[in-house]
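Computed over heavy atoms, backbone and side chain alike; hydrogens, waters and symmetry mates excluded. Only a predicted model underlies this, so the values are computations on that prediction, with no experimental measurement involved.
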Amino acid sequence: MSDYTFNLETAIATWRQLLYRNRAFLTDDINELENHLRDHIDDMMRQGADAETAFRTALTQLGNFADLEPEYQKVRFGHQKRLRTIQREVNWSVAMLKNYVLSGARNIKRHPGYTFINLFGFALGIACSILIGLYVHQELSYDNWHEKGDRIYRVTRQLTSEDGIHFSARSAVPVGPTLALEFPEIEKSVRFWRSFQSTLGGPRETFRESGLYFTDPNVFDVFSLELLNGDTQTALSEPGSMVLTESAAERYFGDTDPIGRILDYRGYPGNDSLQFMVTGVLRDLPENTHLAFTALATLVGIDTEAGNFGSSKPIWTYVLLPENVDPEILEKKFAGFVDRHFDFETTALTMHLEPLMDIHLSSRYLGGFKPNSSMTYPSLFSLIGLFILILACVNFVNLSTLRTSTRAREVGIRKVFGAVRRQLVAQFMGEAILLVFVASAIAVGFVAISIGEINSKFEMALSLDGTTAAAWIILAALILGVGGLTGLYPTLVLSSMKPVTALKKRLTAGGSPLLRKGLVVFQFTVSVSLIACTMVVYNQLDYFQKKDLGFDKELIVVMPRTINENAVRTAFERYPDVIRVSVSQRVPVSRLASDGRPVTPEGFDMPISVDSYIVDDNFLDTFGLQLLAGRNLSEERPSDESAFIINETAVNRFGWGTPEAALGRQLAWHSETGPVVGVVKDFHIDSMHARITPLVLQLKPGFQWWRTFISAKIRAENVANTRVFLENTWREHNPGGAYEAFFLDDSFEQLHRADARIGRIFSGFAGIAVLIACLGLFGLAAYTAEQRVKEIGVRKVMGASMGQIIILLSKDFVILVGVAVIIAIPIVAYSMNAWLSSFAYRIELGPGIYLSSAIVTLVIALSTVSYQAIRASRFNPVKCLRHE
């Protein structure tokens, strides 16, 4: 028989002690709750219940401390009403919040390894998302800062000929003013004419100014260009006036006020030397614009080609339309304009209006201020950023559900003490959001610190300075939303546990094993895909380097042509380390001084558009071009002034059969007709994105305007000394001239600069994705080793070797990575074939790419898992068997 005797006061005192241990309850509050409890007990005892039954029934009605909140709220409401204060309400909220924070902090402290993986993975994913968001925002914001941007259109033209359809962003000098004169729907027109081979000489130095454009005085009425110094109404109104950007003004004048200062100009338009007065300083253009200039000179007083509607010079025309004008209706009226002013008997010309904000990402018209980009890149990077963020979330879900096994007993005890599911959900969601908040703070700090280095490495201009408060609010909401959704699944798994099961089976794994495996497969599918894409990009770039370009691009120094050309050329040729010297209008794989013209081959009634190089008779030897038939051009033969050399593609395009059969055939250009005297092997004149086109080479010794470049082929020995000699000699014969030289192979690299940048970006993202995936795999392997510690002990006692233990723990992960590789293959094949389709000359995707990426991923995954496997294989079997 038991001597147990129930004592009501002792029971109430014990209950009060439990409440004291919970810091959320104040002494006065406990007194209020006790009064409430005693009221319940008195009611029960008056109905005939004994003291013990009344106490336990009242306690059940009131609830233990884990779910006292509803009753507590009732008590406090009456108390607040009496005290007329909200102080207690604030104390309660702060106390409960403090309780959740302290509980989360203690749990994080107890599991530093898992916490680090979650924090670092989340921070990395969020940081990448922020950076990609900045990039995408920049790309989508091109030219949207112009106040009248939605009413500005670029005038483009489409030419249809026997060669197909050609889309050009270029215009002609008289197009803009004539359009504004003939169409009242056009409010204003503005032209930009890029100066050709221009130099500007200031008091400090003379520079080649490739960013100098001639424009109309009303440019400030159309575009939102900010003058820091000067008057927009008069800055370009007078002949000989010019505005400089901030950076250009500093380059020419330093800290001196440039307003009213004179700059000497030489170039085209204006073959003679001109002088310009600086009348304004313009704020440097932001990165997010398709415009690109460093100086604007007025077109007032420049009448060169004023009536030439057929010009193909680098001129761009923009029009500003009133708000009520439909551009499509206006565009239809351009057909009559073309008929009145253009004489294209052999081509069909149509003119179009292109919205300003479509130019950067959606334009098909070639030859603008900058090379066109594509909507593909913002879309692709957005997808990559989303995947990387999902990878971080996958880690969180995987590791959080795995930790349910270690928190099962905690959940069971809380439920036994009366905790309900919503309280557990609130606590565990609070911990998840706390973790996400810390990770977000780390991510923002990382972005702020590293954004300069990232801009430098990936050639971007990202900035946090222009980020609006709304963007930060959206970002915060997105991060908290992602964190909340990510923490929801493990929270529901934990809170759904039954108390008995949780207490009996401490090592029950949380969540679905199939889901965890699926998440691992997803992580490595993304990783394998990015690794394979990186390999494809770099293989394509390597293909560029190794492909026979048809000419020798090594050790050729290209310099601007000079007015003292003969003296410079003679000095160069006498230097022992200079092999050969050539003067030409263009050089291969360089977009500088590009030129095209229509020629009519023998047997054709309509002209065909070809690329054109005007060269001297040293051009072929200097660049190592191979003659397939015929001879070189010679300046000693007067008849060669009207002769041509063509390439293989031209022979095929003209239908002339073999190179030998093309010799002696006639080509007509304007009023000139001459024979083909030679055929050269095809060589690349542009990037690998463009196919080799028909090309003609011509001598024009009597023309001075074409003499653009001096190219010197030098020896491999003493390159540095030879470069110094070339520059000193050039400057000696051109005092005050603007010397800018480049190696031809560097020009080739510049053509594929954007492709190389894509490769670096892919490799960076691939590295981040693999790192995040490996963090998750590392945690998963650690959990697996912990779960199987007893099995490992038994196997070691039975004689299993370290290698067998490693294979045991690694084989499941190898299978998951193998599945990821299989899934990734069609993804990579589709996306990379789409990217490679933009190249006229490309690699083919073979099994080697997929095999290589699979091997790299497997090695990385095995290295990650093997650490935990080796660690587990070294456990003392006795300790392993005592583990449980």
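We find that Arg631 and Asp617 are not joined by a salt bridge, their nearest charged nitrogen and carboxylate oxygen being 4.0 Å or further apart. Contact check on Lys713 versus Asp621 returns no salt bridge, with no Lys/Arg side-chain nitrogen under 4.0 Å from an Asp/Glu carboxylate oxygen. Between Asp542 and Lys547, no side-chain nitrogen of the basic residue sits less than 4.0 Å from a carboxylate oxygen of the acidic one, so the salt-bridge criterion is not met. In this structure, Arg691 does not pair ionically with Asp686, as no charged nitrogen and carboxylate oxygen lie closer than 4.0 Å. A salt bridge is defined here as a Lys NZ or Arg NE, NH1 or NH2 lying under 4.0 Å from an Asp or Glu carboxylate O, and Arg753 with Glu749 fails to meet this definition. Looking at Glu209 and Arg251, a side-chain N of the basic residue comes within less than 4.0 Å of a carboxylate O on the acidic one, giving a salt bridge. Here Asp577 does not pair with Arg723 in a salt bridge; the nearest charged N to carboxylate O distance is not below 4.0 Å.
A donor atom on one side chain and an acceptor atom on the other are found under 3.5 Å apart for Asp284 and Ser247. Under 3.5 Å, the side chains of His290 and Asn372 contain no donor-acceptor pair of N or O atoms.
For Arg731, the salt bridge (Lys or Arg N to Asp or Glu O under 4.0 Å) partners two or more places apart in sequence, or in a different chain, are Glu727. With sequence neighbours excluded, the residues forming a salt bridge (Lys or Arg N to Asp or Glu O under 4.0 Å) with Asp216 are Arg191, listed by chain and number.
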Distance-only check: which donor-acceptor pairs under 3.5 Å involve side-chain atoms of residues 655-664, not counting sequence neighbours?
{"from": "Thr658", "atom 1": "OG1", "to": "Ala661", "atom 2": "N", "distance (Å)": "3.1"}

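Minimum heavy-atom separation, Leu744 to Pro588: CD1-O, 3.4 Å.
Rounded to the nearest 0.5 angstrom, Asn632 CG and Ile645 CD1 are separated by 5.0 Å.
Taking the centre of each ring, Phe839 and Phe544 come in below the 6.0 Å mark.
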